[in-house]
Undergrad: 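Quick one: the structure is below, questions incoming.
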Amino acid sequence: MKQDDQRGKKIVIALDGPAASGKGTLARRLASHFNLALLDTGILYRAVGWNVLQDGGDPENEVDALKAAEKISDTDFSNPELRTESIGVAASKVAQIAAVRSTLLNFQRHFANNPPPDKDGAILDGRDIATVICPEAPIKIFITADVETRAKRRFLEEYGENGTPEQLAEILKDLKDRDQRDINRSASPLKKAENAYLIDTTDSDIEAVFEAAREFVSSKM
Ligand code: C5P
């Protein structure tokens, strides 16, 4: 219910979920609808993974990964290669290292708490937003889908209609490995916050998903 003291307050939405669950699309729709600044936190880990590989390093080596994390501001975040599944795999390796996560933490918290004056708040999407980065966020959403559905979506994004069954199988394997690393790591593992609103997108299109999330967010404002 809307309280008087909530009016005019900036909102923070924490959106978490596994790879290729539809987080990015939902985050963009919510950001545009509610006039929020948007941070895709996965791109930070992807940039670190990319930098390690560019330097010929090993994404699972702490020294290589930390060196790459420290020069993250030099990265071209618009490089489409950052979005590929192979860089997603490198990202999930550097993301296991607690010291890498620490170097990225303040930037993410600052973004959440300091949206530009023309925005009504911020939305961050990732794996640990509701559990670690913004545990006080009043609005938490966890979005998921079964892994075969997520693999098909990522396959179509990367290869369009021209992909082969072998490429689909490779993406499915990468996503499963990535899920295992994200769920089982000791540093900020992927998990649903207790009070997060759960949306399963396996059988829903983006319009239905957006509508459910929009209603939930509106009920919290
Ligand atoms: O969301 P996206 O697929 O771009 O994330 C790439 C990888 O970065 C994830 O598999 C995960 O290992 C890592 N990540 C993370 N914490 C976040 C966002 C991403 O560990 N908040």
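For ligands, and for the atoms within them, numbers begin at 1 and follow the listed sequence.
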Undergrad: Short list, please: which atoms of ligand 1 are under 4.0 Å from a heavy atom of Lys23?
TA: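 Reading through ligand 1 atom by atom, the close ones are 1 (O).
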Undergrad: Mark up the atoms of ligand 1 that fall under 4.0 Å of a heavy atom belonging to Ala91, in ascending order.
TA: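 Near Ala91, the atoms of ligand 1 are 6 (C), 7 (C), 8 (O).
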Undergrad: Could you state the interatomic distance from CD1 (Ile133) to CG (Leu105), rounded to the nearest 0.5 Å?
TA: 4.0 Å
Undergrad: Between Arg181 and ligand 1, which part of the residue brings a heavy atom under 4.0 Å of the ligand: side chain, backbone, both or neither?
TA: neither
Undergrad: Given the rule that I, L, V, M, F, W and Y join up when any side-chain heavy atoms are under 4.5 Å apart, are Ile11 and Leu124 in one cluster?
TA: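 No, no single cluster joins them.
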Undergrad: Between Tyr45 and ligand 1, does any nitrogen or oxygen pair lie at a separation below 3.5 Å?
TA: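 Such a contact does not occur with ligand 1.
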Undergrad: Classify the contact between Ser92 and ligand 1 as side chain, backbone, both or neither, using a heavy-atom distance cut-off of under 4.0 Å.
TA: both
Undergrad: Would the distance check show the side chain of Asp16 and the main-chain N or O of Asp128 forming a donor-acceptor pair, the cut-off being under 3.5 Å?
TA: yes
Undergrad: Does a donor on one side chain and an acceptor on the other come within less than 3.5 Å for Ser92 and Arg178?
TA: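 There is no such pair between these side chains.
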Undergrad: Out of the candidates Arg150, Arg153, Lys23, only one should pair with Thr201 under the side chain to side chain donor-acceptor pair (under 3.5 Å) rule; please name it.
TA: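 Per the side chain to side chain donor-acceptor pair (under 3.5 Å) rule, the option paired with Thr201 is Arg153, out of Arg150, Arg153, Lys23.
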Undergrad: What part of Lys93, side chain from CB on, backbone N/CA/C/O, both or neither, has a heavy atom under 4.0 Å from ligand 1?
TA: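 Looking at Lys93 and ligand 1, no heavy atom falls under 4.0 Å.
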Undergrad: Taking only heavy atoms of Arg46 into account, list the atoms of ligand 1 that are under 4.0 Å away from them.
TA: 2 (P), 3 (O), 4 (O), 6 (C)
Undergrad: What is the nearest protein non-hydrogen atom to atom 18 (C) of ligand 1, stated with its residue, atom name and distance?
TA: Thr41 OG1, 3.4 Å
Undergrad: Evaluate the side chain to side chain donor-acceptor pair (under 3.5 Å) criterion for residues Thr149 and Asp146: first the C-alpha distance (whole Å), next the side-chain angles of each, then the deciding distance (0.1 Å), finally the verdict.
TA: CA-CA 6 Å; Thr149 305; Asp146 72 37; 2.7 Å; yes
Undergrad: Any nitrogen or oxygen of Asp182, main chain or side chain, under 3.5 Å from a nitrogen or oxygen of ligand 1?
TA: yes
Undergrad: Is the contact between Arg178 and ligand 1 made by the side chain, the backbone, both, or neither, using heavy atoms and a 4.0 Å cut-off?
TA: side chain
Undergrad: Is Asp120 reaching over with its side chain to a backbone N or O of Leu36, donor-acceptor style, under 3.5 angstrom?
TA: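 Answer holds: no.
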Undergrad: Under 3.5 Å, is there a donor-acceptor pair linking the side chains of Thr75 and Asn51?
TA: yes
Undergrad: For Arg101 and ligand 1, answer yes if some heavy atom of the residue is under 4.0 Å from a ligand atom, otherwise no.
TA: yes
Undergrad: Under 4.0 Å from a heavy atom of Ala95: which atoms of ligand 1 are those, numbered in the order shown and with their elements?
TA: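 Close to Ala95: 12 (O), 13 (C), 20 (O).
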Undergrad: Less than 4.5 Å apart, any side-chain heavy atom of Ile72 and any of Leu104?
TA: yes
Undergrad: May I ask you to identify the nearest protein heavy atom to atom 1 (O) of ligand 1, giving residue, atom name and distance to one decimal place in Å?
TA: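 I find the closest protein heavy atom is Arg127 NH1, 2.9 Å.
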